[in-house]
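Below: one structure, written as structure tokens.
Keep in mind that what you see is a predicted model, and the values were worked out from it rather than measured. Throughout, a chain's letter reflects where its sequence line sits, starting with A, and its residues are numbered from 1.
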There are 2 protein chains.
Amino acid sequence: MKIAIVAPSCTLKRAAAEQVEAIAAARGDCELAIHPQCFLSEGHFAGTDQQRLDALREVMADETVDAIWFARGGYGSNRIAEQLLTDVPSGAHRKLYLGYSDAGFLLAGLHRAGLRVAHGPMPQDVTRIDGEAAVQRALDWLVRRDPSALEPHLTRPAYAFNLTVLSCLLGTPLEPDFSGAELLIEEVSEHHYRIDRLMFHVTASANVRSARQLRLGRVDDVPENDPDFGHDELAIVEDWCARSGIRFGGRAAVGHDAGNRVVPFGSNWD
Amino acid sequence: MKIAIVAPSCTLKRAAAEQVEAIAAARGDCELAIHPQCFLSEGHFAGTDQQRLDALREVMADETVDAIWFARGGYGSNRIAEQLLTDVPSGAHRKLYLGYSDAGFLLAGLHRAGLRVAHGPMPQDVTRIDGEAAVQRALDWLVRRDPSALEPHLTRPAYAFNLTVLSCLLGTPLEPDFSGAELLIEEVSEHHYRIDRLMFHVTASANVRSARQLRLGRVDDVPENDPDFGHDELAIVEDWCARSGIRFGGRAAVGHDAGNRVVPFGSNWD
């Protein structure tokens, strides 16, 4: 299995790339092709919009590539997602696509275009505490669709998003159809008052309200709220689900950490 | 003229209240009625949702009150806006409503309900550098609809919002109709990458695209982007206007500072 790594958002760290290559070499069941675009730097991004778009189109069109793994999050994949979808390369449909965080913009758009995508760990996660486990889990899923890599209580159809990314793709051409689906959310580095505001926005959406249920992943590195917000992320999410008539289904094993499990989008998990 | 001050978001500082009362007393052309709810504290907010809603309903229903001035921003007016609109007190329609930042959620909802609202300085602004000028400008507009208080290049119909608030009210029952309007935006304390993401979201909206033009107010206290984003807020906003076919009309005199001018919503400015 040949897995291409591209960086539609921010620059991949060299050390992370080397660690992930060593893990794949030790496994011996897959070949990683880290595109040189991953190491470009143009302001906030891993190269210009055109360079990031070209690299992604190139690996999507490459007949020798079986899966495309987004290198890391940060910010920027939304800037190329719509243009990408105006002309999806032939050969792109038989591949798998994996990532999360900012890559959620691409997951949403590619899923809408009929491609097989999943929310799950990325190469740069190797730098996290116990990060190798996240990389092994991602490869277990990409190489042999290992069910133990999946979020353990998942029911189809399913979607998972970073909450900020979800808020910012509502109303755009990237927005998925959540009707009857299970929707998992996670967040990192946002104050409780911002999580509350995002939940107000997201749960006002008729599309989100058409979901079968919403589950809350981990909410990590919450900056101090001054004064204390008065409610934690669980209470906030339960409150907005109750206000909006969305069933709250409990916690989920997704998040910006090494325990992040795989969530294939929609019903096409195989 | 009797002006009631309530705090639908966060707690008003006592010192700010005293300074604003002294300014009004020296003017001698208006009476301020600072509702005790302004000084309540419940977690992040100036009292519970019910306390903030009750105080706002009370002054909206009070026949002796001519104008309602929102004490300050922060976060939280969205949590009571929809419930407020289910039962607007009689007498509320002859009053003026003034505020900005988080109060934008209420401005939007009250405007949709047919009330006369404007985006402009709030009592807590007195604590800013040269803050007294902002308070005098707000009172000049509330008391005698002084045209020199207005944003100087305004054309009707007009709207002004904090960019984050605008992003979070799109798709909610608070969203105004921007067709044919001039839309002014401002922002504070957001990284350039976040401003870029918000502009992606906001300019994808068909409603925002129906605006006659968009103008950019001040973007203050931008935290350092690591690495440097590569474009400033003007370039970011021009880029997303160009991508989405929205006319960019230049800069605007609104923002989280003492120079914040008044923008009455819609076409009903008198």
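- Under the salt bridge (Lys or Arg N to Asp or Glu O under 4.0 Å) criterion, A:Arg243 pairs with A:Asp239, B:Asp49, not counting sequence neighbours.
- A ring-centre distance under 6.0 Å is not found for B:Tyr75 and A:Phe200.
- Between B:Arg79 and A:Asp196 there is a salt bridge, since a side-chain N of the basic residue sits under 4.0 Å from a carboxylate O of the acidic one.
- The candidate from A:Pro227, A:Ser41, A:Gly74 with the greatest count of non-hydrogen atom pairs under 4.5 Å with chain B is A:Pro227.
- Residues that satisfy the salt bridge (Lys or Arg N to Asp or Glu O under 4.0 Å) test with B:Glu190, not counting sequence neighbours, are A:Arg194.
- When every heavy atom of B:His44 is checked against every heavy atom of A:Tyr193, the shortest pair comes out as CE1-CB, 3.5 Å.
- Proximity to chain A is limited to the side chain of B:Asn225, based on heavy atoms less than 4.5 angstrom apart.
- Of residues 9-20 of chain A, not one residue has a non-hydrogen atom less than 4.5 Å from any non-hydrogen atom of chain B.
- Annotation: maximal heavy-atom pairing with chain A below 4.5 Å, among B:Pro173, B:Ala204, B:Gly43, occurs at B:Gly43.
- Against chain A, the residues from residues 160-170 of chain B that qualify, each with a non-hydrogen atom under 4.5 angstrom away, are B:Thr164, B:Ser167, B:Cys168, B:Leu169, B:Leu170 in number order.
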